[in-house]
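Presented below is the structure to which this report refers.
Proteins get letters first, then strands, A, B, ... in listed order; numbering begins at 1 in each. Predicted model, so just to flag it, every value in this text is computed and none were measured.
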Amino acid sequence: MSKQYPSYSHLNLPLIAQQVQEQWDQEQTFKQSIATRDGQPSFVFYEGPPSANGVPGIHHVMARTIKDLFCRFKTMQGFKVERKAGWDTHGLPVEIGVEKSLGITKEDIGHKISIEDYNKACRTEVMKYKDLWDDLTQKMGYWVDLDHPYITFDNKYIESVWWLLKQLYNKNLLYKGYTIQPYSPAAGTGLSTHELNQPGCYRDVKDTTAVAQFKVIKNEAFSRVFGNFSEDLHILAWTTTPWTLPSNTALAVGPKIQYLLVKTFNPYTFEKVNVMLAKDRFRAYFPEKNDEVSFDDYKGGDKAMPHQIIGEFSGDQLCGLSYEQLIPFVKPMGKAFEVIPGDYVTTEDGTGVVHIAPTFGADDDRVAKAAGIAPLILIDAEGQRRPMVDLQGRFYRIADLDADFVKTNVNTSLYSEYAGRFVKNDYNPSLTEADASLDVDLAVMLKKQNLAFKVEKHTHNYPHCWRTDKPILYYPLDSWFIKTTEYRDKMIDLNGTINWKPKSTGEGRFGNWLENLVDWNLSRSRFWGIPLPIWSSEDHKERICIGSAEELKIEIEKSVAAGWMKNNPLQNFVPGDMSEANYNTFDFHKPYADLIVLVSPTGKPMHRDPDLIDVWFDSGSMPYAQLHYPFENKEYFDQNYPADFIAEGVDQTRGWFFTLHAIASMVFDSVAYKNVVSNGLVLDKNGNKMSKRLGNAVDPFETLKKYGPDATRWYMITNAQPWDNLKFDVEGIAEVQRKFFGTLYNTYSFFALYANIDGFTHQEAEVAFDQRPEIDRWILSELNTLILNVEEAYQQYEPTRAGRMIQYFVDAHLSNWYVRLSRRRFWKGTYSTDKISAYQTLYHNLVTLAQLAAPIAPFFGERLFNDLNSVSGKCKENSIHLTQWFKANSAEIDKQLEERMQLAQDFSSMILGLRKQTKIKVRQPLQKIMIPVSSEAMQQQIDRVKDLITSEVNVKELAYIAEDNDMLVKAIKANFKTLGPKFGKLMKSIAVQITAMSSSDIRQLEQSGKFNLFVEGENIEIELSDVEITTQDIPGWVVATQGNLTVALDITITDELFKEGVSRELVNRVQNLRKEQNFEVTDKIRLQILKDDDILGIIADNLVYICSETLTEDLQWIEQATDELVEVDLGLQNIVKLKVTKY
RNA sequence: GGGCUUAUAGCUCAGGUGGUUAGAGCGUACCCCUGAUAAGGGUAAGGUCAAUGGUUCGAGUCCAUUUAAGCCCA
């Protein structure tokens, strides 16, 4: 007996996945899929490293499905696709995780726990969920090399990162600057955004706020705006931090905001003043009830303040005005005291003018830089540039400043009263809330000088340090930067060559980000990360950047010789030895890196800058560092760079996508990736973000277990485009399971059932294409079209299109039409050429579908392929993932054939609709259908599918009616597409007239090809192409129309047709009885019928038909009714008693 | 506040370059088939295409504004 195609009781996708996984494990299929492509061109894929200190979620299944499917597709196309896994191991989340599990805080580091032990804890913490990740990787069918992952905390990895940093350093792209960051003077440390977002950090505080009056200087700009206005003029600006006013160097206005010049009195000095503020804020300071107060009646001290608008200006106009320094403690070094544009200025509160102190606000710093305004900077005793406030939160004491600077830039007579004062009382342990604050004293000073317009207490929400409970300051802190701005144009150019999916992310989100690029702030004040490899002398005049372990070892040797270090921590490291063991003889991390003191060329000690580098630099370095480039794998790297393809979530646009791009652009003058897919979010079924807190997060393991990886992956890919957000609903997976996998599985089961009966193992020679019947050639044509389309879709990184086309084909073409119409060919008749053709055709379809679907549904595709191939042995590979892509055979594509099959489907559907309307069962044969045809070509097309139509709808003949037949009642409609451009505005009237044309008008148009209309006084000639003529009705027939197709059905049931109908009913009942008795489909039977003359009369003509359909070998007419006979109703009061037994 | 995305049937989604009747699947209702049967098929109901304004003979589609949701950034 020949081999049998496996058959299953039902479809169990999770079980299939599990079994296929075992097969892959056993046969090392993943390894083979790479090994068998040795010597072939490579398709380079980079894995974006996840962090294993978090639990994987369902969105990881999404992202990884995308990565996996293209890699599998490219493998089948013959490329060698290596995929190295990776782990992102540094960064704040790891530190927080450790602190949580050890029950410590950052404060304790270095006290309760040594940095050494802390870092050890980080090493374990970061791999906490590695097993879970590996498990998910395997269960979802993501092929990636987990045995040799790159790990960002490895010394080798770090060495490559250092090498990259040194390249940047040598190109002069690393510099030290400052950024305005949240800073806690009480704790003496900067805070991360994350720390600021701790619950309870933001709280309401009551502070003294001031609206200050900035006096505009009468210069050229003044006259340009105000002409010869001769009085004094003040701009009003509000601040919640009056202590920053001495550091003011500019005022920002909104360019599109309207401002008013108002004449009024100062409420403290009662002097007459002219003040400027935003129109939208006018009423906040000058209430309506005072509109009528007269200037003449005003006396100093009156509550009701008279006011009068004397001018209106746009912010644009005001830019460029100069004003006198409000509090002239310190002279700025550079351009200052100008009105500048600020994109973030609003009129929600304050005066619509923002006081700018670049040293104490990130936005301030940014807009000031853009306008060329200098910050207010002091020079301290050590010669360093400092803001006005020292690290303890005090105004600098004069003694702590550089003496020369004090002489030239500080007005000591004014400043000395305030020098040394804490900007917030909270920072001074000896002060309480009751004591006068610096804010208040400054405000009082301004009031006296006619420079304060309004001073009041104001409650606002302000961030506090989670450790000290005291308010934070926004304060300039030292940072290392990469001068990415210098490479901006390069990066934009290179970005133009990258194929982004979707395009808008590359052009919009990423492109705009590049356009507005700022320098990359590389510094992080953390413990667990890659140390910045820069050592500098105390005066910062000498500096070295280390680019390798070898270099570090040599520099330490020098330092040991100079006496700055006792011994060399790298003494056991052997340069050039690339073994793991050699690289484990030391540790680049803190605290070890900080213990290293190097020696400068002039013999001074150099200490490491204490910062760590941004973890994003870690991951952006992976193309090089994963290979330990350039220390190892140089040649391999050259051939496997840049990546052909990467994929991650769209949230990585400014993360990994950017850091890869930036490093590649700056160091290698290249893109890092040629194609990138950025996928959207996975939301819950209601479109809400998934979160553990809300409990709407989907557990990926549960989902995979319940529905299997194939259905999960298929659902995710086909339900929405990867870059759209996915509303994840497990119901959808169930649907995919039923609809797509169920249908495909049923089609296979159908094939297996009959192929096993007939012993079809695909050993016969292929039936020549032109020897195959129309229906076979049709499905093959459709299949080849499908291959082309799917291949193109995968090629263009459009997996959703690919998947949808595949499932449409399986459902609409293969199952619902090909198999349904071909069923008889599989079970009827002998093992003929026609039957073999049917088997070969269906086999070919199934095996091709296994491959087309395999990238998305790797397990199911594998099983389908193996079930087929294990019997036929057609492919030598024992995995679909090792096969070469089955190229489309375009010679088998016949568009005409596809079109006429569509006609057959359309006509069948219309006729079935008519049967439904007239309540005539399909089992009742009918005599005739008629189809009006407009052309010879159309008639020929229909003629070739005539038999399919007639058998599908159970009608005996199909006839054609010529278009000009008088029987046809026609309808006419304007063709807007051709008429529109010709007649424009007359369209509407023309359309009305065309619809109103009579039958004879239509005939005239059809015959002469032309027709004249008289529309709105104009004679208009229309042509045949300007209208659409359809057949609407054929009197005396039941008619259906769909588009431009029309069909008429003859519903007369003649005596003969009736007899045939009843015979078919009988066949149907007999089949049911066979089935009830569990006969095999091949069993021959004896049919006994109780003799009844009426029945006999009806079915006599069709006895042969009845017997052959039911495999009746022996038909007996029983004279006497017995209990064994079953009564069946054939409809229309025809009751028959019969019995079916095995022959 | 800026950039980007999305908005079409109860749900999930299609709808090149504008053309008058806006499609599919699921779900719902009714029905058919019974040699694919723990399958298969048909028919129907269901839409102010987020809103407003504009361009046009004609807008789901093009333009502007707005609303809602989401992401990233500030």
Query raised in the report: Given that A/Glu507 and A/Ala362 both sit by RNA chain B, which one's nearest nucleotide is further toward the 5' end?
Result: A/Glu507

Query raised in the report: If we take the C1' atom in both B/G25 and B/A14, what is their distance in whole Å?
Result: 10 Å

Requested in this report: Please report, rounded to the nearest Å, how far the P atom of B/G41 is from the CZ atom of A/Arg820.
Outcome: 7 Å

Query raised in the report: Would you say B/G3 has OP1 or OP2 under 4.0 Å from some side-chain N or O of A/Asn516?
Result: no

Query raised in the report: Would you call A/Arg1069-A/Glu1065 a salt bridge at under 4.0 Å N-O?
Result: yes

Report task. Pick base, sugar-phosphate or nothing for A/Ser504, based on heavy-atom distances below 4.0 Å to the nucleic acid. Result -> sugar-phosphate

Report summary line: Quick note, side chain to side chain donor-acceptor pair (under 3.5 Å) partners involving residues 500-514 of chain A, not counting sequence neighbours, are A/Asn495-A/Trp500, A/Lys501-A/Glu798

Query raised in the report: Among B/G42, B/G35, B/C13, which nucleotide sits nearest the side chain of A/Gln1071?
Result: B/G35

Query raised in the report: Is there a side-chain polar atom (N or O) of A/Ser909 under 4.0 Å from OP1 or OP2 of B/U43?
Result: yes

Query raised in the report: What is the nucleic acid contact for A/Val922, judged by heavy atoms within less than 4.0 Å: base, sugar-phosphate only, or nothing?
Result: nothing

**Report entry** From B/G27, B/G35, B/C71, nucleotide with atom closest to A/Arg738 side chain
**Finding:** B/G27

**Report entry** Protein-nucleotide distance (A/Gln807, atom CD; B/C13, atom P), rounded to Å
**Finding:** 13 Å

Query raised in the report: Side chain of A/Lys739: nearest nucleotide among B/A36, B/C73, B/C26?
Result: B/C26

Query - Between C1' of B/G70 and CG of A/Asn679, the distance in whole Å - result: 14 Å

Query raised in the report: So does A/Ser9 reach the base of B/A38 with its side chain, donor to acceptor, closer than 3.5 Å?
Result: no

Report summary line: Of the candidates B/G3, B/G70, B/G40, the side chain of A/Leu681 sits closest to B/G70

Report summary line: note: A/Phe657, atom CZ; B/C71, atom P; distance rounded to Å ~ 17 Å

Query - Side chain of A/Thr743 (C-beta onward), nearest among B/U37, B/G40, B/G19 - result: B/G40

Query raised in the report: Starting at CG of A/Leu912 and ending at C1' of B/G42, how long is that distance when rounded to a whole Å?
Result: 7 Å

Query raised in the report: Checking all strands, does A/Asn746 fall into the base, sugar-phosphate, or nothing category for heavy-atom contacts under 4.0 angstrom?
Result: base

Query raised in the report: What integer number of Å spans the C1' atoms of B/U5 and B/A9?
Result: 23 Å

Report summary line: Of all heavy-atom pairs linking A/Ile472 and A/Pro182, the shortest is CD1-CB, 4.0 Å

Report task. Give one of base, sugar-phosphate or nothing for A/Arg804, where a contact means two heavy atoms less than 4.0 Å apart. Result -> sugar-phosphate

Requested in this report: Would you mind telling me which of B/A36, B/G3, B/G27 lies closest to the side-chain atoms of A/Arg509?
Outcome: B/G3

Requested in this report: Could you work out which one of B/G35, B/G2, B/C71 sits closest to the side chain of A/Arg654?
Outcome: B/G2

Query raised in the report: What residues, two or more places apart in sequence or in another chain, satisfy salt bridge (Lys or Arg N to Asp or Glu O under 4.0 Å) together with A/Arg825?
Result: A/Asp776, A/Asp834

Query raised in the report: What is the distance from CH2 of A/Trp500 to P of B/C4, rounded to the nearest Å?
Result: 15 Å

Query raised in the report: When the ring planes of A/Tyr748 and A/Phe751 are compared, do they come out parallel, tilted or perpendicular, using 30° and 60° as the limits?
Result: tilted

Requested in this report: Pick base, sugar-phosphate or nothing for A/Ala720, based on heavy-atom distances below 4.0 Å to the nucleic acid.
Outcome: sugar-phosphate

Query raised in the report: Where each residue is assigned the nucleotide of RNA chain B containing its nearest heavy atom, which of A/Thr505 and A/Asp729 is assigned the position nearer the 5′ end?
Result: A/Thr505

**Report entry** Nucleotide of B/C72, B/G27, B/G40 approaching A/Asp651 most closely (side-chain heavy atoms)
**Finding:** B/C72

Query - Nearest-angstrom distance, C1' atom, B/G10 to B/G47 - result: 12 Å

Requested in this report: Go through B/A36, B/G25, B/U12 for me and flag the one nearest to the A/Glu735 side chain.
Outcome: B/G25

Query raised in the report: Taking CD from A/Gln905 and P from B/G41, how many angstroms apart are they, rounded to a whole number?
Result: 12 Å

Query raised in the report: In terms of the angle between their ring planes, are A/Phe740 and A/Trp714 parallel, tilted or perpendicular, with boundaries placed at 30° and 60°?
Result: parallel

**Report entry** Nearest-angstrom distance, C1' atom, B/A68 to B/C31
**Finding:** 42 Å

Query raised in the report: Quantified in whole Å, what is the P atom distance between nucleotide B/G42 and nucleotide B/A24?
Result: 11 Å

**Report entry** Donor-acceptor pair, side chain of A/Trp656 and main chain of A/Ser619, under 3.5 angstrom
**Finding:** yes

Query - Among A/Ile717, A/Val790, A/Thr718, the one residue meeting side-chain contact (heavy atoms from CB on, under 4.5 Å) with A/Pro799 - result: A/Ile717

Query raised in the report: With respect to the side chain of A/Lys921, which nucleotide from B/C33, B/C26, B/U5 is positioned closest?
Result: B/C33

Query - B/G42 base / A/Arg915 side chain donor-acceptor hit below 3.5 Å - result: no

Requested in this report: State whether A/Asp684 and A/Lys727 are salt-bridged, where the test is any N-O pair (Lys NZ or Arg NE/NH1/NH2 against Asp/Glu carboxylate O) under 4.0 Å.
Outcome: no

Query raised in the report: Any salt bridge between A/Arg488 and A/Glu515, counting N to O under 4.0 Å?
Result: no

Query raised in the report: In whole Å, what separates the P atom of B/U12 from that of B/C73?
Result: 28 Å

Report task. Could you check how far CD of A/Gln721 sits from P of B/U12, rounded to whole Å? Result -> 16 Å

Report task. Name the nucleic acid region contacted by A/Asp363, choosing base, sugar-phosphate or nothing; use a 4.0 angstrom heavy-atom cut-off, strictly under. Result -> sugar-phosphate

Query raised in the report: What interatomic distance, in whole Å, is found between C1' of B/G2 and the corresponding atom of B/A44?
Result: 50 Å

Query raised in the report: Where does RNA chain B pair, written as one dot-bracket string 5' to 3', with Watson-Crick or G-U pairs under 3.5 Å, ( ) inside the strand, [ ] for crossing pairs and | for another strand?
Result: (((((((..((((.....[...)))).(((((.......))))).....(((((..]....)))))))))))).

